[in-house]
Amino acid sequence: MQTAPTKSTHNRFAAIMLFFLLACRFFVMPCTAAELPRTGQRSCFDQEGAVIDHAGTGQDGELQAGAVWPDPRFADNGDGTVTDRLTGLMWLQDGECLGKVSWQGAMDAAAGGGGAEQRGGCQGLAAYSDWLVPEIGQLEMLFNAEEASAAGWLNKHRFKNVQAAGYWSRTTGPNPYRVWSFHFDSGTVGLTGKVDGNYCLLVRQPPPSAEESAVPAAAPSAGDRFVDHGDGTVTDRQSGLMWLKDGACLGDASWQDALQAVHDFNADPQRYGCQGLRADYRDWSLPNRHELRSIIDHGHDLPALTPGHPFAGLDSRYWTSTTTAGRPAAAFHLLLSSGELQPGDKKGMHGVWPVRPATGRPDRHRIKERELAAGVMKDPFLLEPIGGSRAIGWPVKRFTDHGDGTLTDNITGLMWLNDGACFLPESWENAGKAIDILNAAPDRLKCARYNAAYQDWQLPDITVLRDLLDGAAGEPAAWLNSQGATDVIARDYWVRNNNPLNLYFAWAVNLRQGTPRNYPMSFELHLWPVRLPEAVVPVMATPAIRANGKEGKVTVQKGEEMLLSAAITDVSGAAPALFRIWYTAADGNPRWLTREGEWVKEEADLYRGNLFVLEDTPVFRGDTTELQPGEYPFFFTILPEAGPDGAAPQPFLAELTVTVAEADAPPEQ
């Protein structure tokens with residue numbers, strides 16, 4: 001039987017930090033809490049789930065609050081176990097070998113029970129006698145909020161067979177028949193009946209030294225845990241986080257509005273009338289998933305807080321700033337009644353409860369990709385994405401902007417005027433005359449940025465405009481403006497269709513609600529002209545693929561970061577096509593890039609849809625650690641689908657040669 005392996009200084013320090021964190025959380029010994037780790041999320045998203053620039057968003061991906069992860073995060077001990085260098089915990093490497101068991105079955109397996117076949121199938125299980133079913137907080141720390149597949153990420157970082165499913169913790173809930181579980185498919189933290197079936201990932205906790213030892217205390221009182229400062233703020237000793245005492249003064253909001261509410265609160269804390277608030281901090285944020293979950297008392301519910309807590313006006317649900325990477329139109333929110341954490345549609349209305357570090361927010365720069373690549377040790381995975389697997393969604397926007405005041409709908413191929421407020425409101429009978437002016441003398445209208453000379457603009461029919469709005473998220477006018485249009489107004493716009501049952505009425509579409517309405521033709525409503533697709537022309541597209549911003553040929557050192565980006569120009573029209581990116585590996589076989597951002601041996605489509613103009617858009621970020629020195633051809637191909645005559649047009653191909661050179665030898669010490 002082996003004893004605990006000797007730890008490096010780094011791992012020892014991490015273990016000490018973890019011990020104090022867990023002692024504060026679960027045993028509530030009086031101490032200064034260690035900093036919560038980061039969630040791993042580095043990307044930022046809008047309410048519809050599109051990736052956006054992080055600056056000024058206030059999202060988890062911008063602030064990245066918490067302790068920085070070591071690089072690499074995990075170490076393979078070579079005996080069927082993995083050590084987490086962030087926490088110092090040792091985990092069983094195989095996440096499936098114990099099978100799906102009841103909670104008691106998991107506890108028995110940790111205690112040495114289970115059949116010989118079960119235990120024999122778990123390499124590393126017999127090497128130690130102090131395995132435990134993990135606490136729920138320990139399981140949560142394995143979650144990488146940047147990843148669309150948290151289980152897949154662990155399996156590419158030393159673990160094996162971790163399932164996209166629920167895993168048991170040993171933390172019981174207020175109902176003795178229910179236990180806390182963590183779900184690696186969705187990031188959900190929930191309560192599960194003990195007789196249900198879940199997987200189990202066992203853990204070993206490094207024994208504390210004499211100076212670290214502490215006897216678990218009785219359940220804490222709220223006075224031991226929370227410090228009410230008498231100025232409208234409360235500090236949680238366990239996490240070192242400060243919360244507003246009034247949990248309702250910022251109200252309920254959608255996710256995007258919740259982020260904005262905290263931004264506005266920082267600008268003027270008194271505008272919200274928070275109960276008893278006299279403090280004047282300006283570094284509040286919407287909590288990330290670790291921060292919001294840290295306030296929960298797992299043994300209580302209704303609410304899931306330590307009894308006697310000092311908070312007032314609590315809501316039933318609260319937003320986190322952490323987007324659900326696998327479904328980025330959703331974000332995690334907390335059910336305060338039970339303490340459970342779930343994904344929820346960002347348009348939902350939940351509470352806003354700001355938080356800040358009690359000692360002040362550190363002046364810490366956001367982690368950049370090159371900083372992540374600077375570690376001496378690298379995870380040996382072929383072209384492993386540094387930024388995490390991310391589903392690739394093309395087109396990035398619904399419209400292609402031609403720079404001449406016109407937009408092409410990437411789905412239908414229809415061209416729209418960029419300016420949705422070019423015309424003054426007109427009656428339906430005068431609408432055609434106004435558009436005739438656009439066709440004959442556009443300078444008279446002074447439409448924003450319009451300098452083209454098309455002469456076939458017309459009113460859209462009701463089907464065309466409603467088809468455009470089928471993809472709208474939220475208010476149609478606001479969505480259209482977010483997709484590239486300008487000054488589209490949340491009012492009614494005329495369409496071509498009159499009412500055959502009443503010759504004095506015609507149809508319009510309301511861009512606040514997205515619904516058709518019938519109006520007298522004498523009413524003055526807005527106009528937004530459209531051009532129908534051009535006559536059929538030969539399919540044309542010019543793809544480009546770049547590595548680190550260079551086309552043709554690029555040389556990188558072994559282990560250096562590589563950013564692949566794609567662009568498309570000279571598009572003839574909205575012809576349907578397949579889009580693929582692949583490279584030829586050292587074994588001579590291709591590796592295809594999937595929509596989830598992973599390289600696979602099976603042929604895969606990156607996108608299927610109409611041709612569109614694509615600005616230089618990153619589709620993959622990874623390193624070349626395991627690529628042997630040599631040349632690797634990369635390809636970006638567009639395969640137009642067969643036209644009406646059944647003949648498939650010629651594919652369009654861009655090629656890039658990446659030369660991997662030996663890394664420079666490290667300087668002598």
Side-chain angles (χ1 to χ4, degrees), residues 25 28 33 36 58 136-137 140 173-175 178 180 188-191 219-255 257-262 264-266 269-279 281 284-322 331-344 346 348-358:
R25 290 195 65 183
V28 196
L36 291 169
I136 186 61
E140 285 184 77
N175 181 331
R178 303 186 77 197
W180 288 94
T188 295
V189 184
L191 285 161
S221 68
D224 293 330
R225 176 168 183 179
F226 297 112
V227 178
D228 187 339
H229 298 291
D231 59 1
T233 67
V234 174
T235 292
D236 181 358
R237 285 193 179 103
Q238 290 187 21
S239 63
L241 297 175
M242 178 183 288
W243 301 86
L244 281 183
K245 183 173 181 177
D246 186 345
C249 61
L250 269 66
D252 286 359
S254 67
W255 185 74
D257 288 343
L259 292 164
Q260 185 62 44
V262 177
D264 295 343
F265 181 72
N266 279 324
Q270 297 306 316
R271 68 178 288 188
Y272 286 91
C274 297
Q275 185 180 142
L277 182 62
R278 298 193 305 276
Y281 301 109
W284 298 98
S285 67
L286 197 65
N288 66 34
R289 59 172 288 149
H290 286 345
E291 291 171 329
L292 193 50
R293 278 273 300 143
S294 73
I295 203 169
I296 293 304
D297 186 329
H298 294 104
H300 294 90
D301 57 10
L302 302 173
L305 297 173
T306 303
H309 64 81
F311 301 107
L314 294 174
D315 210 328
S316 60
R317 296 172 184 257
Y318 285 99
W319 281 120
T320 76
S321 62
T322 308
F332 291 105
H333 69 281
L334 180 79
L335 284 68
L336 191 61
S337 59
S338 63
E340 295 172 289
L341 190 80
Q342 301 174 348
K346 290 179 177 177
M349 303 294 286
H350 301 318
V352 185
W353 197 3
V355 71
R356 61 179 297 275

Next on the checklist: Would F311 and F226 count as a side chain to side chain contact (heavy atoms under 4.5 Å, CB included) here? Give the steps.
Outcome noted: CA-CA 10 Å; F311 301 107; F226 297 112; 3.8 Å; yes

Next on the checklist: Pair T188, E340 - check side chain to side chain contact (heavy atoms under 4.5 Å, CB included), show working.
Outcome noted: CA-CA 8 Å; T188 295; E340 295 172 289; over 6 Å; no

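A distance-only check finds a donor-acceptor pair linking the side chain of Y318 to the backbone of G247 [under 3.5 Å]. Side chain of S321 to backbone of L286: a donor-acceptor contact under 3.5 angstrom is found. The main-chain N or O of F332 is never found under 3.5 Å from a side-chain atom of W255 such that the two would form a donor-acceptor pair.
Put simply, CZ on R225 and CD on Q238 are 3.5 Å apart, with the number rounded to the nearest 0.5 Å. One finds the CG atom of L305 at 10.0 Å from the NE2 atom of H300 (value rounded to the nearest 0.5 Å). Rounding to the nearest 0.5 angstrom, the gap separating the CH2 atom in W284 from the CG atom in N266 is 9.0 Å. To the nearest 0.5 Å, atoms CE (M242) and OG1 (T233) are separated by 4.0 Å. Atoms OG1 and CH2, from T320 and W353 in turn, are 14.0 Å apart once rounded to the nearest 0.5 Å. Within the model, atoms CD of Q270 and CZ of F265 stand 8.0 Å from one another, a figure rounded to the nearest 0.5 Å.
For A304, the side-chain contact (heavy atoms from CB on, under 4.5 Å) partners at least two apart in sequence or on another chain are I296. Residues forming a side-chain contact (heavy atoms from CB on, under 4.5 Å) with R278 (at least two apart in sequence, or on another chain): D231. W180 meets the ring pair (Phe, Tyr, Trp, His ring centres under 6.0 Å) test with H298; sequence neighbours excluded. Under the side-chain hydrogen bond (donor to acceptor under 3.5 Å, both in side chains) criterion, R289 pairs with no residue, sequence neighbours left out. With sequence neighbours left out, the side-chain contact (heavy atoms from CB on, under 4.5 Å) criterion links D246 to A248, C249, C274, Q275.
The list of salt bridge (Lys or Arg N to Asp or Glu O under 4.0 Å) pairs with a residue in residues 300-320, not counting sequence neighbours, is empty.
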